[in-house]
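The chains referred to below are lettered A, B, ... by the order of the sequence lines, with proteins before strands, and numbering in each begins at 1.
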Number of protein chains: 2
Amino acid sequence: MAHPAESVFVDSRQRLIEAAREAFLQEGYRASVDRIAARAGVAKQTLYNHFASKDDLFSEVARLASSRIAVSLEGGPTDVRECLLRFAATLRAKLLSDEGLAMFRVLVAEAVRFPALAKAFYEKGPQETARRLAVSLERAMAAGQLRRDDPGFAAELLIGMLVGAERTARMCGLPVRDPADEEVRVHRIIDTFLRAYAPEGTAP
Amino acid sequence: MAHPAESVFVDSRQRLIEAAREAFLQEGYRASVDRIAARAGVAKQTLYNHFASKDDLFSEVARLASSRIAVSLEGGPTDVRECLLRFAATLRAKLLSDEGLAMFRVLVAEAVRFPALAKAFYEKGPQETARRLAVSLERAMAAGQLRRDDPGFAAELLIGMLVGAERTARMCGLPVRDPADEEVRVHRIIDTFLRAYAPEGTAP
DNA sequence: GAGGGAATAGACTGCACAGTCCAGTCCAGT
DNA sequence: ACTGGACTGGACTGTGCAGTCTATTCCCTC
């Protein structure tokens, strides 16, 4: 209960979570409890002092990761195009990073055995991100900067355009595309989206 | 070598592959050899008479499945919109079916341990589908029915719009969306795409 | 009806792993 | 000095599984 004791406690736990995160991302749920404990530099029993089971540890790791993945658009420029460009770059950086892909891979692989975890991940990640994007789009639509349409649907389409194809490719082991072209790629996607959602009565 | 003997042989093998496919789709690579043999109504040793190892069987199943997933646009209507609508419906039916999703889930989960399999899957499935779509788009662009642009890139974006969001949701265990709205959804996506790729100088 | 290839049931080996148990150490705070 | 809680290392149990082996049956072909 005293401070030093508690800090040791938290320390062990934190190290375990961090080690488990790395192990699960690398090996999936296959990562063994022994390897995780070893990676954390901790005895196996210590792991079981903090977590009731391997499933419990896995859930904890997944919940922590889920709470950090939504992408926001707040505080950006007011110009729609600039705002979307920023959003797009951030989203792609997160979802198409090695870590983002590994996280997705593991959660999807275990979604059948941990349905609640997968649902929570979806709600805090993809769904929340889409919701925020939709809010911004709706504002732009109301301001006449974008064609009036279902903002939620538009958000889904944009996110699909931004990550769909490349995520599929990378999930199948394809190498990263030349990062030098990343900016061009993002610009092209956003411009395509803006053409589709140009306010009505505007020449393309 | 005589016919009846061979047909028995093929029979066992076929049943094993089918059973393995079902088992792997349900349980992932976790599906045990014993369960697969039982499901095929066959002794475990028979399985090992046909396949050198579990990995070998898994590879065979994956290769067979990979060879049947590309979606084509040939033989359809010549009108771009009709053509894309047909393509969209077919693509979504395949990729968003329980089986398509399960296949994707399993392959993605094991992509790290079977990189060659994942690559082959990607090339025969997503990549080949995108290539075929790109060919059609290019033709339409040349005919002035679509804005002139990189057809490969346009194909990737369209496929992303068509499956991106919903595949993510379903992979995380979200329930199927009301199939009554499916047609509306496809129409809205295609129309959005067509707005983005309307020939230049056309009012929206 | 004899021979051979395929299939079968089931026992068996060896391994990796989750989870438990225990005897002992290291430190707080008192 | 003593007590209690966290941590350690390592042995141990039980289980599930891939893959092997064997003895036996079945059936087709000649």
Original post:
Around atom CD of B/Glu18, are there more than 12 heavy atoms of other residues, nucleotides or ligands at under 6.0 Å?
Top reply: yes

Restricting to nitrogen or oxygen on both sides, can you table the protein-nucleotides 11-18 of chain D pairs closer than 3.5 Å?
from	atom 1	to	atom 2	distance (Å)
D/dC17	OP1	B/Arg35	NH1	3.2
D/dA18	OP1	B/Lys54	NZ	2.7
D/dA18	OP2	B/Val33	N	2.9

Original post:
Is a side-chain N or O of A/Lys54 found less than 3.5 angstrom from the main chain of A/Ala31, in a donor-acceptor match?
Top reply: yes

Original post:
Does the side chain of B/Phe104 reach to within under 4.5 Å of the side chain of B/Phe121, using non-hydrogen atoms?
Top reply: yes

**OP:** Mind calculating the distance between CZ (A/Phe58) and P (C/dC17) to the nearest angstrom?
**Re:** 16 Å

**OP:** Round to the nearest Å and state the distance from A/Asp56 atom CG to C/dA18 atom P.
**Re:** 14 Å

Original post:
Between atom CZ in A/Phe51 and atom P in C/dT20, what is the gap in whole Å?
Top reply: 15 Å

**OP:** Check the distance between C/dC26's P and A/Asp11's CG and give it to me in whole angstrom.
**Re:** 19 Å

Original post:
Would a 4.5 Å heavy-atom cut-off, applied to side chains only, mark B/Phe193 and B/Leu137 as touching?
Top reply: yes

**OP:** Would you mind reporting whether A/Phe58 and A/Ile36 have side-chain heavy atoms less than 4.5 Å apart?
**Re:** no

**OP:** Taking atom NZ of A/Lys94 as the centre, report whether more than 12 heavy atoms of other residues, nucleotides or ligands fall under 6.0 Å from it.
**Re:** yes

Original post:
What is the ring orientation for A/Phe114 with A/Tyr29, classed by angle as parallel under 30°, tilted 30 to 60°, or perpendicular over 60°?
Top reply: tilted

Original post:
Starting at CG of A/Leu47 and ending at C1' of D/dG10, how long is that distance when rounded to a whole Å?
Top reply: 16 Å

Original post:
Any side-chain N or O of B/His50 under 4.0 Å from OP1/OP2 of C/dA6?
Top reply: no

**OP:** Under the salt bridge (Lys or Arg N to Asp or Glu O under 4.0 Å) rule, what do A/Arg30 and A/Glu27 come out as? Steps first, then yes or no, please.
**Re:** CA-CA 6 Å; A/Arg30 255 180 266 276; A/Glu27 308 177 52; over 6 Å; no

Original post:
Can you tell me how far C1' of C/dC17 sits from CD1 of A/Ile36, to the nearest Å?
Top reply: 12 Å

**OP:** Would you kindly give the CG-to-P distance between A/Asn49 and D/dG4, to the nearest whole Å?
**Re:** 18 Å

For nucleotides 22-24 of chain C, give me every protein contact, N/O to N/O, under 3.5 Å, one pair per line with atom names.
none

Original post:
For B/Lys119, does the NZ atom sit with more than 12 other heavy atoms under 6.0 Å from it, leaving out its own atoms?
Top reply: no

Original post:
Is C/dG24 paired to anything, Watson-Crick or G-U wobble with both distances less than 3.5 Å, and if yes, which nucleotide?
Top reply: D/dC7

